[in-house]
Amino acid sequence: MSLNLIDIESFRTRIERKSTNSKGEFIAYWMTNAQRVDCNYTLERALKFAHKERLPLKIFFIYNPGHYKTLERHHCFMLHGLLEVNDLLKKYNHSFHFFSYKDNLLKEILDRCNHLFIDLPYTERARAHLKKELIGLDMNIYSVDNLYLPLTLISKKQEFSAATLRKKYYKILDNTLIGQDFSVLEYISKVDSFIKNTDSRNQICSEIDKLNIDNLIDKNYLIRSGPITAQNVIDDFLDNSLDNYQENSNNPEFIKNSTISRYLHYGHISSAKIITKLIENNLKIDHPFIEQLLIRRELAYNFTYYNKNYNNSESLPNWAIKTLNEHNYDRREYLYTLKDFEFAKTHDVYWNSAQHQLLTSGYIHGYMRMYWGKKILEWTSNYKEAIKIALYLNNKYQLDGRNPNSYVGILWCFGLHDRAWKERKVFGKIRYMNENGLRRKFDINRYVEKVSKNNLF
DNA sequence: ATCGGCTCGCGCAA
DNA sequence: TGCGCGAAGCCGAT
């Protein structure tokens with residue numbers, strides 16, 4: 001074993017800011033990415049620190065509906081998840097402080113606090129936002145990385161492909177998955193809550209009541225949210241779907257794993273916890289589900305963490321930019337506008353089905369999403385516009401939109417983390433996909449039928 | 001049904 | 001500096 005726990009911890013928890021003023025009345029955890037209680041490294045570090053200092057802990061969340069201008073389906077899903085966070089904390093006799101955003105709120109929350117723990121932000125935009133919020137706060141600030149292994153421990157730079165990251169993972173893990181211990185539940189009863197017996201349930205509910213949800217999505221998808229729900233989903237998946245994962249993972253009708261990404265996005269479940277459980281099932285590091293949950297997922301985080309252009313074409317590899325530019329003025333067989341795509345008005349029944357699935361369920365199956373993205377490239381006047389459209393639709397409708405995996409999923413269609421292929425019109429050397437592939441891989445007509453009946457989950 | 005070729009850049013071995 | 005290798009597919013030859 002080439003790594004030890006001390007190595008991991010020095011990368012896991014980072015000192016973002018040091019203060020000379022060391023005395024405070026409580027420790028604070030500002031929950032953002034990791035919206036869960038169990039297996040939450042940030043909460044765990046905050047609890048341990050509070051226990052050591054014999055100070056109470058204040059766990060809080062700031063809700064800012066204006067932060068991203070987007071559909072309120074996302075807010076609805078997140079707020080329902082926070083209800084479960086609130087209930088879980090209450091069960092452990094801890095208060096969950098839920099605040100609606102206003103100016104100078106953070107200063108108020110952190111009045112008389114000297115040690116703040118935050119979830120490590122993984123994108124430039126999140127970092128910039130955080131930096132702005134933390135201006136003028138004189139306190140010790142620690143960020144905690146909630147990935148399976150800390151991002152900066154595995155790699156100091158943007159990785160070129162899954163292969164290069166995989167190599168580093170396999171080397172550092174000595175080809176063996178290691179389980180991880182979580183002591184959140186052990187410490188949570190030993191630490192006092194900063195203010196006892198406050199309950200944010202009513203406040204969260206009143207925010208939910210204010211929402212104006214689009215009438216495209218089935219509301220049931222938005223209610224099935226939160227760490228408790230997510231645990232049930234993942235348990236069901238692990239019990240019933242892991243054995244045939246490889247055969248089924250490309251089949252959009254195989255839906256057991258379909259909602260896991262949204263729970264991972266909001267941090268309702270910990271990938272490290274899932275991996276630790278999988279080790280008990282004797283899963284090896286090269287299992288295709290580990291490839292997805294560990295290598296592909298953390299490759300996406302590596303990408304958004306190190307590349308400031310994670311949300312535009314500038315981040316594509318050189319060969320992709322070159323070939324896309326060379327073919328940018330090729331004649332397109334079909335040309336659609338954003339609105340044509342958005343309301344599923346193309347000539348292609350398969351593509352329209354994928355878009356319809358996105359509108360009505362907040363999700364496109366992984367394989368269909370590749371096809372979906374490739375066709376936006378094919379049917380838009382230029383590739384930069386195509387990327388904008390694909391990201392816009394993804395961020396607007398997909399419940400895990402704005403997740404690193406979402407960005408990478410889209411940009412993969414334009415060559416990111418991929419290789420060049422035989423040159424052709426419009427695509428240049430970008431990997432091409434067509435509907436024959438859909439027919440070859442699964443029963444695409446059944447998919448179309450099921451989407452039209454809204455019968456996929 | 002199955003197989004090789006397509007094509008690029010990383011990273012290790014010299 | 002050279003070379004082996006990988007990468008969520010397509011296409012045409014057997």
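Order of the sequence lines sets the chain letters (A, B, ...), proteins ahead of strands, with each chain counted from 1. Being a predicted model, the structure only gives us computed values, none of them experimental.
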(request) Using a 4.5 Å cut-off on heavy atoms from C-beta on, say whether the side chain of A:His265 contacts that of A:Ser406. (result) no

(message) Rounding to an integer number of Å, can you tell me how far A:Ile321 CD1 sits from B:dC8 C1'?
(response) 15 Å

(request) Mind telling me whether A:Phe98 and A:Phe61 have parallel, tilted or perpendicular rings, with 30° and 60° as the class edges? (result) parallel

(request) May I have the distance from A:Asn405 (atom CG) to C:dA8 (atom C1'), rounded to whole angstrom? (result) 14 Å

(request) Not counting sequence neighbours, which residues clear salt bridge (charged side-chain N to carboxylate O under 4.0 Å, His left out) with A:Lys375? List them please. (result) A:Glu378

(request) Quickly work out the A:Lys441 NZ to C:dC10 P distance and round it to whole Å. (result) 8 Å

(request) Answer yes or no: does atom NZ of A:Lys308 have more than 12 heavy-atom neighbours from other residues, nucleotides or ligands under 6.0 Å? (result) no

Table of protein N/O atoms under 3.5 Å from nucleotides 9-14 of chain B N/O atoms:
from, atom 1, to, atom 2, distance (Å)
B:dG11, OP2, A:Lys157, NZ, 3.4

(request) Please say whether more than 12 non-hydrogen atoms of neighbouring residues, nucleotides or ligands are located less than 6.0 Å from NZ in A:Lys131. (result) no

(request) State whether the number of non-hydrogen atoms from other residues, nucleotides or ligands found under 6.0 Å of A:Asn232 atom CG is greater than 12. (result) yes

(message) Please determine whether the number of non-hydrogen atoms from other residues, nucleotides or ligands lying under 6.0 Å from atom NZ of A:Lys168 exceeds 12.
(response) yes

(request) Grab the CZ-P distance between A:Phe289 and C:dA8 for me, whole Å please. (result) 17 Å

(request) Can you tell me, in whole Å, how much space there is between the P of C:dC5 and that of B:dA14? (result) 14 Å

(request) Nearest whole angstrom, please: distance from the P of B:dT7 to the NZ of A:Lys322. (result) 12 Å

(request) List in numerical order all residues of residues 427-440 of chain A for which some heavy atom is under 4.0 Å away from an atom belonging to DNA chain C. (result) A:Arg431, A:Tyr432, A:Met433, A:Asn434, A:Gly437, A:Arg440

(message) When you measure from the side-chain N and O atoms of A:Arg369 to the phosphate of C:dA8, is any distance below 4.0 Å, counting only OP1 and OP2?
(response) no

Sub-3.5 Å pairs of nitrogen or oxygen atoms, protein against nucleotides 2-5 of chain C:
none

(request) Identify, with sequence neighbours excluded, every residue that meets ring pair (Phe, Tyr, Trp, His ring centres under 6.0 Å) alongside A:Tyr306. (result) none

(request) Inspect the contact between A:Lys210 and A:Glu207 and indicate whether a charged nitrogen and a carboxylate oxygen are less than 4.0 angstrom apart. (result) yes

(message) Nearest to the A:Lys422 side chain among B:dT7, C:dA8, C:dC11, which nucleotide is it?
(response) B:dT7

(request) Please report, rounded to the nearest Å, how far the C1' atom of C:dG6 is from the OH atom of A:Tyr170. (result) 13 Å

(request) Answer yes when A:Lys425 and A:Asp330 have at least one side-chain N-carboxylate O distance shorter than 4.0 Å, and no when they do not. (result) no

(message) Does A:Lys69 have more than 12 heavy atoms from other residues, nucleotides or ligands lying within 6.0 Å of its NZ?
(response) no

(message) I'd like to know if A:Lys339 and A:Glu342 make a salt bridge, using a cut-off of under 4.0 Å between side-chain N and carboxylate O.
(response) yes

(message) Classify the ring geometry of A:Tyr263 against A:His268: parallel below 30°, tilted from 30° to 60°, perpendicular beyond 60°.
(response) tilted

(request) Using whole Å, report how far CH2 of A:Trp421 lies from P of C:dG9. (result) 8 Å

(message) If I pick the P atom on C:dG4 and the same atom on B:dG5, what distance separates them, to the nearest angstrom?
(response) 15 Å

(request) Using a heavy-atom cut-off of under 4.0 Å over every strand shown, decide if A:Arg296 touches base, sugar-phosphate, or nothing. (result) base

(request) Evaluate the ring planes of A:Trp372 and A:Trp351, with Trp represented by its six-membered ring, and classify them as parallel (under 30°), tilted (30 to 60°) or perpendicular (over 60°). (result) parallel

(request) Kindly express the pairing pattern of DNA chain B in dot-bracket notation, using | wherever a base pairs with another strand and counting only Watson-Crick or G-U pairs under 3.5 Å. (result) ||||||.||||||.

(message) Could you tell me how far apart A:His365 (NE2) and C:dA8 (C1') are, to the nearest whole angstrom?
(response) 11 Å

